[in-house]
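In what follows, every chain begins at residue 1, and chains take the letters A, B, ... in the order their sequences are listed.
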Amino acid sequence: MIVGGIPLGDVLLASGALFVIGIAGALLRRNAISIFLSVELMMNAANLAVLGYAAALHNLEGQVVVFFVIAIAAAEAAVGLAIFVALFRHTETIDVNRINLLKW
Amino acid sequence: MTAARLAFDAAAGVAIIFACVMVVHRNPVKSVLALVVSFFALAVTYVLLSAPLIAAVQVIVYAGAILVLFLFVLMLLNVPEEARRGSGHPIQNFLASVAIVVFAAALLAVFRAYGGIASQPAGDWKADVADVARLVFSEHLLSFEALSVLLLAALVGAFTLARRESRS
Amino acid sequence: MTPSFLSFGPDELAACGPEIVLAAAGCLVVLLDAFAPSSRRWLATLSLAAIAVSAWFLLAAPSGVTFSGRYETSTLTVAVGLFAAATAAIAVLVAKPYLQRTGQERGEFYALLLWGHLGVSLMMRGIDLLVVFIGLETLSLSFYVLAAFFRGIQASSEAGLKYFLTGAFASAFTLYGIALLFGKAGSVRIAALSRPDLAGDPLVALALLFLLVGFGFKMSLAPFHAWAPDVYQGMPTPAVAYLSVAPKGASVIVLYRVLSAVFQTGMPDRFGTALAALAILSMSLGNVVALAQRDIKRLLAYSGIAHMGYVTIALAVFGREALAAVIVYFFAYLVSNAGAFAAVAALYRDETKPHPVGLLAGEGRRTPFPSSVLALCLFSLAGIPATAGFIGKFFVFKAAIEKGLYALAIIGVINSLVSIGYYLKVVYVLYMREPVGEERPPSLSPADRLALGICAAGILALGVFPSGLWDLARRAAASLPFAP
Amino acid sequence: MRDLLGSHLLTVLVFLPTAAAALLLLFPERRAREAKGFALAASVLELALSLPLWSRFDLASGTFQFVERADWIPSLGISYTVGIDGISLLLLLLTTLLTPVSLLYSLTHVEKSVRAFSIAFLVLETGVVGTLVALDLALFYVFWEVMLVPMYFIIGIWGGGRRIYAAMKFFLFTMAGSLLMFLAILYLAIRHRAVTGGWSFLLSDLARLTYPTMAIQTVLFLAFALAFAIKVPVFPLHTWLPDAHTEAPTAGSIILAGILLKLGVYGYLRFALPLFPDSAMRYAPWLGVLGVIGVIYGAFVAYAQKDMKRLVAYSSVSHLGLVVIGIGAFTSVAMTGSVLQMINHGLSTGALFLLVGVLYERSHTRDIADYGGIAGVVPVTTALFLVATFSSIGLPGLNGFVGEFLILLGTWTSPHRWWAVAAATGVILSAIYMLSLVQRVFWNPLTREENRRLPEIRPSELVAAMALVALMVWIGVRPNDFLDRLRPSIEEVRRSVATRKAAETRSVAVPLPSEARP
Amino acid sequence: MTIALWIIPALALVGFLLCLLLGRRLGKSFVSAVGVGSVGLATVAAWMRLIPFFRGDAGVAVEKLAPWISVGNFSVDLSFRLDPLSALMISFVTFVGFLIHLYSIGYMKHDETDAGYARFFAYMNLFMFSMLTLVLANNFVLMFVGWEGVGLCSYLLIGYYYEKDFAAAAGKKAFVVNRIGDFGFLLGMFGIFSLFGTFDFDRVFSTAAADPARFGRALTAVCLLLFVGATGKSAQVPLHVWLPDAMAGPTPVSALIHAATMVTAGVYMVTRCNVLFRLAPDAMFVVAVVGGITAIFAAVIAVAQTDIKRVLAYSTVSQLGYMFLACGVGAYVAGMFHVLTHAFFKACLFLGSGAVIHALGGEQDVRRMGGLARRLPTTYRTFLIATLALSGIPPLAGFFSKDAILTGVFAAHRPVLFAIGLFTAGLTAFYMFRVVSLTFYGEFRGTPEQAGHVHEAPPTMTVPLVVLAFLSTVGGFVGLPEVFGERANRIAAFLAPVLPPVFFPGREEAGHHLPVSTEWLLIGVSVAVALIGLLLAWKWYAKEGGRPAAALAARFPALYALVSNKFRIDELYDLLFVRPFVSLARVLWKVVDVLIIDGVLNAGAFIVELVGDTLRFLQTGNVRNYALTFLLGIVALVLIVFGGM
């Protein structure tokens with residue numbers, strides 16, 4: 001039982017659910033951007049878990065971690081989108097099913 | 001069943017639902033928007049978990065900056081809606097579903113059984129933004145500096161890739 | 001303990017001196033490239049200097065823990081730091097002529113390489129999961145970009161995309177693992193994990209698995225290996241030379257740090273089994289599939305997968321001797337694998353095309369030096385005695401047998417027998433086939449010669465006089481807390 | 001210098017060839033003749049330097065002589081320890097002899113990238129010599145494996161039609177054997193540490209180990225035995241040999257058959273026996289049986305061959321089978337005979353390959369059917385070939401007889417009398433296949449016109465061959481010069497086994513074959 | 001001063017080396033000088049050592065040259081032995097050998113190149129060396145050296161005309177068959193070593209004689225093994241097949257090696273080991289039987305041969321059988337005596353046939369000869385004398401030795417063998433005189449140009465003929481039967497020292513003391529039989545031109561075919577041994593080696609590659625699949641770690 005009576009269990013449950021949904025997205029979506037969105041979702045799930053624990057432990061470090069993670073996510077997004085654009089210049093698509101020049 | 005918990009569950013529920021929407025919706029633009037909503041809901045849960053600063057950052061950076069960037073790129077590349085047909089090999093999808101279910105089961109089972117923490121600190125707790133800041137600049141100074149390098153790298157990298165071919 | 005605001009003393013400065021040098025050098029390179037194009041041909045030299053200086057700072061840094069227990073300077077960090085620095089140096093040496101040939105000599109390349117190297121250094125020295133994660137991401141972001149560095153070539157961009165997507169996916173797992181560990185330990189300090197009650201906690205175990213897969217991905221450990229062949233194939237070879245060596249070492253070190261912190265009293269059997277399974281899968285898959293490869297960069301990728309299998313044996317053995325073995329193994333792997341990629345970079349004329357092994361036909365007589373170095377590297381990778389590769393295998397298998405893991409050892413040697421199959425295939429193409437076409441290879445630049453020479457010398461030196469390295473590795477391993 | 005040759009002679013012998021090879025790297029690629037000459041000179045110098053071993057060898061002692069010791073990996077007790085006893089002495093001299101012989105032969109034959117060829121040969125010599133003098137198992141293993149690489153290149157680059165397949169087969173076979181031995185070596189060292197608390201890879205230390213159970217000892221023994229059996233090669237593991245020998249260039253075949261095969265038996269004598277006396281004794285019968293099979297099988301298959309080199313190659317299987325029998329019989333007479341027979345086989349088969357090469361280089365065919373009746377055209381070659389043939393089929397007065405006789409006699413006096421009977425059929429079989437080879441190649445009507453113009457053997461080749469013939473006669477007439485050097489060492493080996501067995505309490509007692517005393 | 005024994009063979013060896021190394025350059029005259037000279041010197045040296053013996057005042061001389069092989073409890077020396085037995089052997093080996101070398105000069109001179117000529121004499125000298133070593137050896141191993149050495153030389157000399165494929169084949173055949181014998185000899189030697197712990201004749205025989213009861217059946221086995229060796233070397237059934245083919249060599253070779261000396265080595269060896277054999281009665285019986293069978297078997301074949309040299313070859317086989325018959329019944333003296341006389345007349349016959357062939361320019365078929373008596377007087381006379389000697393007509397040499405053998409057989413109470421011996425004697429006379437008749441009597445049946453070309457041989461060839469004929473005449477007097485008095489049989493007395501009495505339980509030594517009347521009877525019978533055969537042959541072939549024989553052959557065509565085809569033994573062996581050997585070799589190579597062993601290995605390699613080639617396609621290039629494998633990996637790990645919980 002943590003701040004304001006929110007059980008840690010709920011937090012973890014939500015976090016886990018989001019994480020799994022993210023995984024599902026990453027596996028089932030076809031265009032690169034959607035896949036990356038799913039990954040972002042997974043990272044948020046992690047953040048939620050951290051904050052949940054931080055609250056439960058009365059530990060500020062968690063918030064610091066999340067703070068950094070969000071920044072990292074932003075940076076990742078920038079690079080990722082840049083890569084998408086660069087690739088799109090060649091393939092005119094970001095559908096990963098059609099991006100398999102390198103294989104076998 | 002406190003109000004806080006109700007609120008949390010509601011927000012989390014919204015986040016989860018819209019996350020699902022994001023995953024299942026074949027139109028990327030709409031799935032981005034769904035994700036925006038999901039992140040807003042998460043921001044709410046952050047507040048409830050007494051992390052106002054993070055909530056703010058979540059809204060501004062994530063929902064604000066990043067996802068807008070996504071939308072922007074989507075428009076730029078005008079990514080088409082995913083065709084219903086042939087979204088990957090059936091075996092792929094089948095295995096994926098099975099794996100996801102098993103994984104989810106395992107994850108949630110472990111959470112339910114062992115998610116708890118050893119010693120619950122007593123008393124109420126209020127996170128102060130100033131403390132967070134102090135922590136960032138004292139104990140996590142190194143991470144902070146490192147992060148700056150990371151951002152720089154990302155910046156230069158993005159710039160390297162995205163700018164028009166000049167040479168060769 | 002909350003130190004005062006901006007607690008940054010001389011100790012801290014000394015500790016993160018190497019990283020500062022790298023970061024600054026990176027900026028300098030970018031700026032010079034942007035505003036003084038004429039200085040472009042000095043960038044490589046500058047980067048080399050930076051790497052050298054940072055390595056020197058690393059040696060100079062007083063050992064101890066700084067940044068309020070989040071950063072370490074020890075024999076271990078020195079050893080692995082030198083290992084990474086050497087890799088980076090070779091990569092830069094290879095990069096210069098390579099980029100010149102392709103007309104792509106841009107400062108960003110060196111800058112990103114330096115920053116990626118910085119990330120590796122953070123991973124290896126950080127005793128704080130957040131630092132490690134940031135290091136990991138710095139490394140990843142830089143190399144996502146380097147993978148896609150040839151914007152004009154679709155393969156390169158595709159490599160970037162694949163690396164990015166899979167990498168992000170993997171680091172999400174890493175992050176989740178870190179989150180759970182934080183939840184259990186109440187801190188992201190690795191030291192905090194060494195609480196007796198955590199060793200048996202299933203959630204911790206799960207978290208460790210997440211870290212394992214996250215870093216296993218960086219190690220290109222089967223089944224988290226799938227990205228490696230494609231990425232290596234599309235990525236500029238010098239970058240591969242670095243990516244295929246240093247980050248793997250860093251990841252293993254991190255894993256060892258975490259595991260040794262959690263499992264103070266030895267690793268649970270189930271975990272050992274999991275690691276053994278990974279090892280066997282990785283060795284077997286890597287070697288067997290490598291037999292079927294036509295492109296040398298893919299072939300080397302699979303060989304790398306197999307080698308990480310051998311390393312994982314040492315991880316499964318889990319002990320001080322094993323860690324020492326890992327360190328030796330990575331030094332050997334550095335000279336062999338980086339050398340191989342350096343030779344590939346020197347041997348193939350057209351970087352924009354794939355690198356079929358067949359193109360090397362008869363090079364042994366056309367371009368003796370790089371060919372012979374490549375052959376030497378391959379023999380070393382195959383673990384023929386008197387080469388570094390043998391020494392690496394020697395210590396790993398020794399550790400395994402000491403621990404009584406005979407089955408692993410036997411599977412390991414059988415695998416290295418299989419591996420000989422494809423290594424010798426390349427050697428055979430090099431020396432026992434008639435040359436195809438009349439195109440002359442590019443004249444070897446001094447940088448290439450230097451890089452190849454260093455690797456060859458390293459292979460033989462380590463292979464013949466491994467004693468010093470072994471002692472260093474053991475002292476390094478001593479700085480981790482293991483059950484006596 | 002004096003001191004170097006005085007107290008570090010073996011080290012000099014081990015590394016001189018490599019040093020020469022390193023110098024060769026400085027030669028420009030196109031100065032082929034000079035490179036050849038230099039390599040030859042180096043190998044001759046090596047031979048000259050190895051002769052003092054013969055003269056300064058202490059006939060009285062069966063223990064190791066010329067011993068040198070230096071730390072290599074102190075923290076693991078791995079040391080550079082070398083020394084020789086009578087067995088290694090003879091094989092060492094055989095090596096230092098055959099290498100210049102092969103190079104001398106190659107003077108006029110190798111054209112393609114000569115420098116590399118010479119380098120490969122010198123490195124190979126280092127590997128072989130090192131293997132023969134190493135007394136530390138780690139050191140031994142290193143040299144043992146190092147040999148493969150140059151041989152792989154020699155077969156693969158300068159070999160015949162199916163050289164790639166042959167080279168690969170050679171490499172993989174040998175590797176397959178030695179990798180398990182590698183693990184076994186590690187186990188031994190670790191066991192030694194567990195028992196004594198200190199690291200050591202020294203043969204002398206590890207040979208004092210006892211094993212927890214017979215099963216473990218057996219497994220380790222088999223790991224060693226497999227490696228050596230493949231090298232020898234013992235019957236079902238022999239199929240790499242015909243391909244390797246046939247496809248290798250003549251010089252390579254000489255070294256392969258002359259030396260490399262011996263290292264299998266050598267390793268068995270030097271390491272497998274002292275380390276695992278019980279298992280060795282328990283499995284000696286199997287060894288003998290395989291040897292018998294090898295003798296007869298090899299002879300039969302040799303007879304069926306249409307390719308000269310293949311025929312000689314299979315004859316090696318047969319001869320080495322005899323050697324293996326001698327080892328399995330484990331009487332001092334038989335074992336001495338085996339070691340001597342290794343030398344003999346090195347000389348005779350070396351000579352045979354050389355002369356086959358002489359013919360091949362002139363008519364570019366190894367097919368027996370392409371010859372016939374050339375005795376009149378190339379009388380000297382014929383004469384030499386006949387001598388080599390008679391040496392290899394064990395005609396008294398030449399070396400082959402002494403070895404064969406000792407092995408058979410010693411085996412006869414061992415418990416396994418019937419091996420001798422079965423192996424003695426080799427006396428008949430070898431005559432059959434070798435003489436039909438002689439008949440089909442040198443005798444019979446001269447059918448092919450082009451053979452009328454077959455050039456006679458060149459002086460360089462003649463010198464190379466004569467050196468071998470001279471030794472054949474020497475050993476045949478004065479075998480004691482060699483046996484005197486072997487006797488104590490063989491006794492030492494047998495004693496080590498015997499004493500170890502006496503010491504072994506928990507081990508199952510397997511009686512040593514006793515000499516039949518009248 | 002006395003010449004060291006080793007000098008004797010050494011001289012021949014020197015000759016060999018000189019001819020081999022210098023012969024081609026220095027030409028025929030040099031070769032003749034060296035080749036014949038060396039043997040001459042050896043003869044002189046040998047006889048200088050022999051004189052004391054024939055003065056009767058010499059004991060056994062054993063001279064050790066040097067230790068040869070010594071390992072552990074085994075050691076043999078290069079040591080030589082001169083005792084009555086070896087004295088007897090070298091006496092005629094050297095002398096006859098010398099004569100034949102002399103003869104060879106004339107025979108080989110004109111139809112050979114310098115190289116070939118040198119080769120011939122080199123081999124001949126090498127043979128002399130080996131033969132003398134064999135005879136003079138003081139232990140089994142050294143004896144084996146000579147034993148194999150003579151085999152080698154016969155191989156080389158049979159294959160002397162190497163470009164004739166039948167010659168090459170014959171050489172190989174001879175060597176291989178000999179090797180089969182040597183196989184037995186070798187094992188026999190091993191047996192001796194494990195029984196006596198040494199190879200020295202003295203120690204072996206003394207040990208054996210000292211304690212006869214000790215060895216029992218083992219000794220029988222050893223003797224049989226040794227006898228296998230003798231069978232091979234002396235062309236006894238069933239290993240006789242090589243000798244007739246050996247006639248492919250030059251005639252002097254046939255005379256020296258395949259008649260006079262080498263082939264008798266078996267007899268010599270058995271006699272040398274008489275102590276052992278006498279301790280093994282069963283073995284001796286086998287020897288006798290084999291000898292008897294061979295004698296009659298070869299004689300029968302000889303009757304139907306048309307090649308003059310083949311007839312002589314089979315007669316040699318038959319006579320060797322006689323000798324073994326003698327040894328088998330314990331009449332070793334008779335055996336050796338026959339060896340001696342046989343050496344004379346058989347050498348003479350071969351050289352004579354050589355002269356004939358030489359005269360007819362290589363013609364060997366008696367059906368194309370005839371009437372040569374007038375054209376080749378010397379040859380004819382010597383040939384006739386030798387024939388009569390061989391047929392056992394008194395007082396020629398053959399008569400005495402053959403009679404001694406028959407007497408011995410009779411005395412040993414072996415009636416069947418005696419009958420066989422007697423019948424063989426008759427056959428011998430028959431086929432020999434058949435040859436004489438066909439060759440020298442009647443009309444010449446050859447081609448005209450042969451007729452024109454016929455001429456008597458040069459002196460180098462005729463002189464040996466005469467000498468040998470003389471010896472065949474008088475040679476027998478060294479061994480007069482005892483009816484001429486106690487001391488008459490000098491050779492018996494001479495050999496007595498090497499035939500020590502051995503006493504062993506069970507059987508009494510076969511004493512040769514028959515009543516005088518019986519002896520006379522035996523003599524008479526044998527002479528009668530010989531005369532009958534002789535006259536029959538003369539009547540059929542000389543007077544009636546072979547018509548009766550033809551008629552007989554026509555009456556029993558199958559039988560005749562069988563006999564004239566040497567009972568198809570070669571074909572039989574080809575069917576039983578050669579073909580199976582060849583096909584087995586093929587099978588082992590193609591099936592076991594290539595198909596099974598390599599097949600399995602290559603299949604293994606192939607499978608691994610196949611697996612690799614299949615797994616390779618898991619690498620689809622599609623990121624989603626990679627993510628999937630990733631997740632599957634995690635799930636697997638989770639299951640491993642949390643499997644039980």
Under 4.5 Å from a heavy atom of chain C, the part of A/Leu41 involved: neither
Chain C contacts, top residue of A/Ala82, A/Ala75, A/Ala73, A/Gly62 (heavy-atom pairs, under 4.5 Å): A/Gly62
Interface residues of residues 165-174 of chain C facing chain A - non-hydrogen atoms under 4.5 Å apart: C/Leu165, C/Ala168, C/Phe169, C/Ser171, C/Ala172, C/Phe173
Region of C/Leu136 in contact with chain A, defined by heavy-atom distances below 4.5 Å: neither
Partner residues of A/Glu61 under the side-chain hydrogen bond (donor to acceptor under 3.5 Å, both in side chains) criterion, sequence neighbours left out: B/His140, C/Arg70, C/Ser187
C/Phe133 side chain reached by A/Ile72 side chain, heavy atoms, under 4.5 Å: yes
Top contributor to chain A interface from C/Ala148, C/Ala179, C/Gly183, C/Ala159 [non-hydrogen pairs under 4.5 Å]: C/Gly183
Which atoms of C/Leu161 approach chain A - backbone, side chain, both or neither, heavy atom under 4.5 Å: both
Worked check of side-chain contact (heavy atoms from CB on, under 4.5 Å) between C/Tyr176 and A/Met43: CA-CA 7 Å; C/Tyr176 209 78; A/Met43 298 179 86; over 6 Å; no
Among the listed options A/Phe19, A/Phe88, A/Phe68, the residue most often paired with chain C at heavy-atom distances under 4.5 Å: A/Phe19
C/Phe210, CZ atom: more than 12 neighbouring heavy atoms under 6.0 Å: yes
Interchain contact, C/Leu129 with chain A, by part (heavy-atom threshold 4.5 Å): neither
Residue pair C/Phe182 / A/Asn59, side-chain heavy-atom distance below 4.5 Å: yes
Top contributor to chain A interface from C/Arg294, C/Gln293, C/Glu137 [non-hydrogen pairs under 4.5 Å]: C/Glu137
Contact origin within C/Ala292 toward chain A - heavy atom pairs under 4.5 Å: neither
Option in C/Val188, C/Leu180, C/Ile178, C/Val145 with maximal non-hydrogen atom pairs under 4.5 Å from chain A: C/Val188
Interface moiety of C/Gln154 toward chain A, non-hydrogen atoms closer than 4.5 Å: both
Residue part contacting chain C, namely of A/Ser15, when any heavy atom lies under 4.5 Å: both
Non-hydrogen atoms of A/Leu87 and C/Ser157 that approach each other most closely: CD1-CB, 3.6 Å
Shortest non-hydrogen separation from A/Lys103 to C/Arg298 and the atoms involved: C-NH2, 3.3 Å
Greatest number of heavy atom pairs closer than 4.5 Å to chain C - which of A/Val50, A/Leu12, A/Val66: A/Val50
C/Arg151 backbone acceptor or donor facing A/His90 side chain under 3.5 Å: yes
Chain C contact via A/Ala78 - which portion, at a heavy-atom distance below 4.5 Å: neither
OH-CG distance between A/Tyr53 and C/Leu181, expressed to the nearest 0.5 angstrom: 10.0 Å
